Amino acid sequence: MATSSSRVIRTAVFAGCATLLASLAFAVRAEDTTYACKVDIAGGLKWESGKWKVRRLFEDKFELVMRGEMFTPESLEKALTGSATTCTAGVRGRISCADTRGAYLLFDPHTSRGGIARLNGTTVESQDRRETVSVEAFSCQRG
């Protein structure tokens, strides 16, 4: 017949093992996947002399870091050059993210391709200066 203290010890050991297994499972899921990305082509609207002009924009390189099923806030902040980014997983595993400055990112982890749109400049009242409105198509190599 088991004593009360032996039941407590078995329960504590079981709880400890369960906690350890849960921690290991989380550690495996939380492994980072880095995507080295390159803008393939970028274009947009630049505000010049009081009107919008179509311009080809420079191509850039950046990294996206995925932790589990979502990008890290730090990598999104660099890619979108904004802050307070929110993301959702959508159709066919595509990830869409938007920041507080009018930037939007769409990425498909299955094809390692995506796009970024920056729209903040369209909302400014100033006739003197507006941020460039742009769209970028990018592709990535999974690291």
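Position 1 is the first residue of the sequence; numbering continues from there. Since we're looking at a predicted model, the values are computed, not measured.
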So, D99 side chain and G102 main chain: donor-acceptor pair closer than 3.5 Å or not? yes
Does the side chain of F107 reach to within under 4.5 Å of the side chain of S96, using non-hydrogen atoms? no
Residues, nucleotides or ligands: over 12 heavy atoms within 6.0 Å of R113 CZ: no
Could you tell me the separation between the OG atom of S112 and the CZ atom of F138, rounded to the nearest 0.5 Å? 9.5 Å
Is it the case that over 12 heavy atoms from other parts of the model lie below 6.0 angstrom from the NZ atom of K53? yes
One should read off an interatomic distance between L105 CG and I116 CD1, to the nearest 0.5 angstrom, of 5.0 Å
Might you work through the side-chain contact (heavy atoms from CB on, under 4.5 Å) test for V133 and W47, ending with a clear yes or no? CA-CA 9 Å; V133 175; W47 190 255; over 6 Å; no
Of the non-hydrogen atoms in L76 and T85, which two are nearest, and what is the gap between them? CD1-CG2, 3.8 Å
Measure the CG-SG distance between L64 and C37 for me, rounded to the nearest 0.5 Å. 4.0 Å
Which heavy atom of G93 sits nearest a heavy atom of P109, and at what distance? O-CD, 3.4 Å
Could you report the tightest heavy-atom contact between N120 and R101, atom names first, then the distance? CB-O, 2.9 Å
So with a 6.0 Å cut-off around CD of Q141, is the heavy-atom count from everything else above 12? no
Can you tell me how far the CZ atom of R130 sits from the CG atom of L45, to the nearest 0.5 Å? 10.5 Å
With side-chain contact (heavy atoms from CB on, under 4.5 Å) as the test, would you mind laying out the steps for L57 and E136 before giving the verdict? CA-CA 9 Å; L57 304 173; E136 305 166 7; 5.9 Å; no
Rounded at 0.5 Å granularity, tell me how far NZ in K38 sits from OG in S139. 5.5 Å
What closest approach, in Å, do M66 and E69 show between heavy atoms, and which atom pair accounts for it? CG-C, 4.1 Å
Treating S75 as the side-chain partner and V65 as the backbone partner, does any N or O pair qualify as donor plus acceptor under 3.5 Å? yes
Output all residues satisfying salt bridge (charged side-chain N to carboxylate O under 4.0 Å, His left out) with D108, sequence neighbours left out; order by chain, then residue number. R94
Relative to each other, are the rings of Y35 and F71 parallel, tilted or perpendicular (30° and 60° limits)? perpendicular
Please examine the side chains of L106 and I95, heavy atoms only from C-beta on, and report whether any two atoms are closer than 4.5 Å. no
Of all the heavy-atom pairs spanning R118 and A103, show the shortest one and how long it is. CG-CB, 4.1 Å
Ignoring hydrogens, what is the shortest heavy-atom contact between M70 and T88? Give both atom names and the distance. CE-C, 4.2 Å
In one Ile/Leu/Val/Met/Phe/Trp/Tyr side-chain cluster, 4.5 Å: V39, V54: no
Reported OG1-to-CG distance for the pair T72 and D32, which is rounded to 0.5 angstrom: 7.0 Å
When you compare the side chain of R67 with that of E31, does any pair of heavy atoms fall below 4.5 Å? no
